[in-house]
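Have a look at the structure below before the remarks.
Numbers restart at 1 for each chain; the letters A, B, ... are given by sequence-line order, proteins then strands. Below, all heavy atoms of this structure are taken into account, side chains as well, without hydrogens, waters or symmetry copies.
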There are 2 protein chains.
Amino acid sequence: MVFSTTTQYALKILAYMNEHKERLCSAKTLSEELDIPYKYLTKIMTKFTKNEMIESIQGRYGGFKLIDSKIITIYDILKLCDGDSAKACIIGKIECNEKKKCHYHDAWQKPRASIKKDFLDADLKSCGVKDS
Amino acid sequence: MVFSTTTQYALKILAYMNEHKERLCSAKTLSEELDIPYKYLTKIMTKFTKNEMIESIQGRYGGFKLIDSKIITIYDILKLCDGDSAKACIIGKIECNEKKKCHYHDAWQKPRASIKKDFLDADLKSCGVKDS
DNA sequence: TTCAAATACTACTTCTTAGTGGTAATTAAA
DNA sequence: TTTAATTACCACTAAGAAGTAGTATTTGAA
């Protein structure tokens, strides 16, 4: 189980944008600051924009920014980049449920539930913020 | 976050072998029963054998079997197929720890701990067995 | 209105994972 | 000792993810 390169990039990018939400972030800046290949990064940004996770402003002095009103969870990010992170069955069995369990069903339940719940709770804008 | 095809195959294979530990399982049988491409399966089996996760018996009437004395956890299987499933930092930051946390550190702790603990506890031979 | 700096788009290359093909080596039964 | 069914090995192809290249489009300032 691994988070793809794209997912890791995505998480880094959004965390950076969140830390600098007062200004636009250009692809050039993001690429340099986060050490992500420029062209690959722009691809990811376009994807985010199309999925309305962020807003893009074109033309000179343009860039990207988070949408104030929008809540983005870690789960949303993973889902967009890698697909559903907490699939019901670890071995992809269709008929795997509480009544008819695959061999690994019980062992997978806790990690899976934790991933789903904790990542759905983890709003990008607040998850790095200390409780006070 | 996704379990690779190889990992899913591996989990299926070992669960099947565990359910039939009284006899040898040939690659042909495993391939047919579990619907895994034969040639790809034999590659995985060789890998398992080399890592001493299972035992292989060559020649006619040969096949594969679990080693009675050997404990195999889900964690072992994931590690062999996909690498460490519970990396310390979700975005691969080297300096990410309790003192200096990355943006996602706290959100990742519970799922990560659950994966590590519950998968290390999940012995192949007993994880599908009901408590009695 | 021109221009430079930015995003958007299309297509390609490279690398890794998944899957295939052929053959050698092994082994127990007949 | 022959044979057939098995694992082991080597090399290839196919598909998908990661990364690159070039160009079109957009846009605000000079």
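We find that NZ of A:Lys39 is positioned 14 Å from P of C:dA11, with the value rounded to whole Å. Following rounding to the nearest Å, A:Leu41 (CG) and C:dA6 (P) show an atom-to-atom distance of 13 Å. A straight line from CD1 of B:Ile44 to C1' of D:dT7 spans 15 Å, rounded to a whole angstrom. Atom pair A:Ile36:CD1 and D:dT20:P shows a separation of 12 Å (rounding to whole Å applied). Atom P of nucleotide C:dA18 and atom NZ of B:Lys12 are separated by 13 Å, given to the nearest angstrom. Between B:Met45 atom CE and D:dT7 atom C1' there is a gap of 10 Å when expressed in whole angstrom units. Note: NZ (B:Lys47) to C1' (D:dT7) measures 18 Å, nearest angstrom. Per the geometry, NZ belonging to A:Lys43 stands 11 Å off C1' belonging to D:dG16, to the nearest Å.
Using a 4.0 Å heavy-atom distance criterion, A:Tyr38 is classed as a base contact. When heavy atoms are screened at a 4.0 angstrom cut-off, B:Tyr40 is found touching base atoms of the nucleic acid.
Taking only side-chain nitrogens and oxygens, B:Thr5 never comes nearer than 4.0 Å to OP1 or OP2 of C:dT17. Remark: A:Thr42 is not in phosphate contact with C:dT7, judged by side-chain N or O atoms under 4.0 Å from OP1 or OP2. For B:Ser56, a side-chain nitrogen or oxygen approaches OP1 or OP2 of D:dA8 to under 4.0 Å. In terms of phosphate contacts, A:Lys50 brings a side-chain nitrogen or oxygen within less than 4.0 Å of OP1 or OP2 of C:dC9. Residue A:Thr46 has a polar side-chain atom (N or O) positioned under 4.0 Å from OP1 or OP2 of C:dA8. At the phosphate of D:dG19, OP1 or OP2 sits under 4.0 Å from a side-chain N or O atom of A:Tyr9.
Residue B:Thr6 places its side chain closer to C:dA18 than to any other of D:dG28, D:dT3, C:dA18. Each of C:dA8, D:dT7, C:dA6 was ranked by its minimum atom distance to the side chain of B:Gln58; first place goes to D:dT7.
Residues A:Ser26 and B:Pro37 both approach DNA chain C. Their nearest nucleotides, taken by heavy-atom distance, put A:Ser26 toward the 5′ side.
Here the shortest heavy-atom pairing between B:Ile72 and B:Asp123 reads O-OD1, 3.1 Å.
When atom types are taken as modelled, the side chain of A:Lys93 and the backbone of A:Lys101 share no donor-acceptor pair closer than 3.5 angstrom. In terms of modelled atom types and a separation under 3.5 Å, the side chain of A:Asn97 and the main chain of A:Lys99 share a donor-acceptor contact. Side chain of B:Lys21 to backbone of B:Asn18: a donor-acceptor contact under 3.5 angstrom is found.
The closest side-chain heavy-atom distance from B:Asp76 to B:Leu124 is not below 4.5 Å.
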